Amino acid sequence: MISKNNISILRFFSLLLFGILFFSIISAEVGVGISPSKLKFQIIGGSEYEQEITVFNTGTYDSEIFLVAEGDIAGFTEITPKSVVVSPEPKPHELPLKNSQTFLVKFDPPSVAEKTTYSGSLSAVGSGSSDSTFGGKVGVTAQVVIENVPSDSFFSKISQTHVIITCIIIILILIFFVLKDTDISIKFKKK
Amino acid sequence: MKMKNKTKYFFVFSILFFVFLFGFLFNYFSDNSKISGYATTDSQVGNLSVGVETYMACTWSDDALNVSFGESLDPGTNDINATENYGLVNGTKYNVTVSALSTDNADVTISGNDLVDGANNIAIGNVTWVSNTTSSDGANMVPGSSTSITGSPVDIATGVSSDGSGVVHYRFWLDLPSGAVAGTYVGNYTLTCEQAS
């Protein structure tokens, strides 16, 4: 036998549970953060430069975040690892970050004869469920500007072409002296 | 003759020695010329650099990642509402907030890929958007004011405040071409926040 009071209490807790569930559903969020948000540096041609990129989650549940290089820098940028799973930052969000993860980004631009500027971006991208009709991917982008300058070293001014030509000249000189010692000669006669 | 051979071998070995020496020195100095660069996130003058930690973060409503235009749609129908365009009383449930952790205001961009079902596709240009930074049901948020999504990022809002109050609300519509073959089409779009230019 359930009394009217018990039914009222049951109704109250049912509504409370529904309210909590409803609130948790409507407040679900996905968030992505990146630091630094802008990166500008100078690099000597032929050298490598490593930079740590921090990503964090301003959403309400764990999120897998990928870091992607785009633009001019994509061809010489290596990122490890490919993705990280990041837990949400506790609210209210504040610095220092509590659950951030880092990517190691290695820039290895080619040697250059004159100063060259590359522009690109590093995007930290998260995504929602894969079964939606029109799924959203969300991301934050760090702008990257790299000034690639020639090295001051004498040897940096020696190109592969210089080395090849020098080797050919040395080989020709060697052939000349070896042929000379074996008494083989070439004579040109006037017609 | 003996002396001549000795001279020849001496000469050949000398040349080889110099070639190897040259190669070694070239390799040695090339490796040692790999001097690390220097990075700052703000400014740089001569050999003095100033490094300031910069952050950019945005938070999207969960609905923004799971957009649907419904089922059993009729080809040739225009301005089909995304299901949550009016999910918040009269307002849209699709929004992005620039986090107060951000150290600069943000530009928000959108791009997308075609909706595909096997060999059939609906071009992404058939999906349109409109945004508003003050209201989830702004007067401008109607199909007549909307713009097609493209494959390249386009600003949907610029200079959005990073003080925690900066929100961008947006809506989507689909124009379903009359020749669309029946099927379940799946596509995606990307929303990106970056430091305001």
Side-chain angles (χ1 to χ4, degrees), chain A residues 25-26 28-44 46-51 56 58-60 89 93-95 97 107 121 123 125 127-129 131-143 146 151 153-156 158 163 166-167 170 173-174 177-178 181, chain B residues 4-5 7-8 11-12 15 18-19 22 25-26 29-30 32-42 44 53-62 64-69 82 93 96-97 99-104 106 112 115 127 172 174 184-195:
Chain A
I25 289 168
I26 62 166
E29 296 168 329
V30 60
V32 187
I34 194 168
S35 178
S37 61
K38 190 170 188 178
L39 196 57
K40 182 178 181 180
F41 60 92
Q42 203 172 63
I43 192 166
I44 295 170
S47 61
E48 288 179 357
Y49 179 73
E50 289 183 350
Q51 171 75 40
F56 52 100
T58 54
T60 53
E89 286 297 307
H93 297 152
E94 58 187 9
L95 299 174
L97 300 167
F107 301 101
S121 62
S123 295
V125 181
S127 57
S129 64
D131 55 356
S132 57
T133 310
F134 194 51
K137 290 180 183 173
V138 294
V140 287
T141 295
Q143 298 156 6
I146 299 174
S151 168
S153 159
F154 166 75
F155 289 96
S156 70
I158 299 173
V163 175
T166 308
C167 287
I170 290 170
I173 292 170
L174 274 173
F177 280 100
V178 169
D181 280 354
Chain B
K4 206 173 185 182
N5 269 343
T7 310
K8 181 178 78 180
F11 184 77
V12 169
I15 293 289
F18 281 112
V19 168
F22 177 77
L25 289 174
F26 180 71
F29 282 102
S30 294
N32 280 277
S33 67
K34 290 186 176 178
I35 301 161
S36 295
Y38 47 92
T40 70
T41 55
D42 191 10
Q44 174 185 301
E53 285 189 333
T54 55
Y55 297 84
M56 178 52 61
C58 282
T59 307
W60 288 261
S61 60
D62 202 39
L65 272 72
N66 299 291
V67 179
S68 172
F69 295 97
K93 286 174 86 172
V96 51
T97 305
S99 168
L101 289 176
S102 303
T103 47
D104 283 285
L115 289 93
V127 180
F172 294 111
L174 172 67
T184 303
Y185 292 81
V186 176
N188 63 67
Y189 75 101
T190 303
L191 272 176
T192 305
C193 288
E194 64 178 40
Q195 190 173 310

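Values reported hereafter were calculated over all heavy atoms of this structure, with side chains retained and with hydrogens, waters and symmetry mates removed. As the structure is a computational prediction, the values presented were derived from the model and not from experiment.
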What heavy-atom pair brings A:Gly33 and B:Ala57 nearest, and what distance separates the two atoms? CA-CB, 3.6 Å
Given a strict heavy-atom distance threshold of 4.5 Å, which part of B:Leu115 is in contact with chain A: side chain, backbone, both, or neither? side chain
Please lay out, stage by stage, how B:Thr59 and A:Thr58 fare under the test side chain to side chain donor-acceptor pair (under 3.5 Å). CA-CA 6 Å; B:Thr59 307; A:Thr58 54; 2.8 Å; yes
Do B:Asp62 and A:Glu29 have side chains that get closer than 4.5 Å, going by heavy atoms? no
Can you list the steps and then say if A:Ser37 with B:Gln195 is a side chain to side chain donor-acceptor pair (under 3.5 Å)? CA-CA 7 Å; A:Ser37 61; B:Gln195 190 173 310; 2.9 Å; yes
Of all heavy-atom pairs linking B:Trp60 and A:Gly139, the shortest is CH2-O, 3.5 Å
Could you tell me which portion of B:Val96 (side chain, backbone, both or neither) has an atom closer than 4.5 angstrom to a non-hydrogen atom of chain A? neither
What part of B:Ser68 gets within 4.5 angstrom of chain A, counting heavy atoms only: side chain, backbone, both, or neither? both
Residue set satisfying side-chain contact (heavy atoms from CB on, under 4.5 Å) with A:Thr141, at least two apart, ordered chain then number -> A:Ser121, A:Ser123, B:Thr192, B:Glu194
Among A:Gly59, A:Gly31, A:Cys167, A:Ala142, single out the residue with the greatest number of heavy-atom pairs under 4.5 Å to chain B. A:Gly31
Can you measure from OG (B:Ser99) to CD (A:Glu89) and round to the nearest 0.5 angstrom? 9.5 Å
Which bit of A:Leu97 comes within less than 4.5 Å of chain B, counting heavy atoms only: side chain, backbone, both or neither? side chain
List in chain and number order the residues that pass ring-ring contact (aromatic ring centres under 6.0 Å, His included) with A:Phe107, two or more places apart in sequence or in another chain; answer none if no residue qualifies. A:Phe41
By a 4.5 Å heavy-atom criterion (distance strictly below it), what part of B:Ala100 contacts chain A: side chain, backbone, both, or neither? neither
Between OG1 of B:Thr54 and CD of A:Gln143, what distance do you get to the nearest 0.5 Å? 9.5 Å
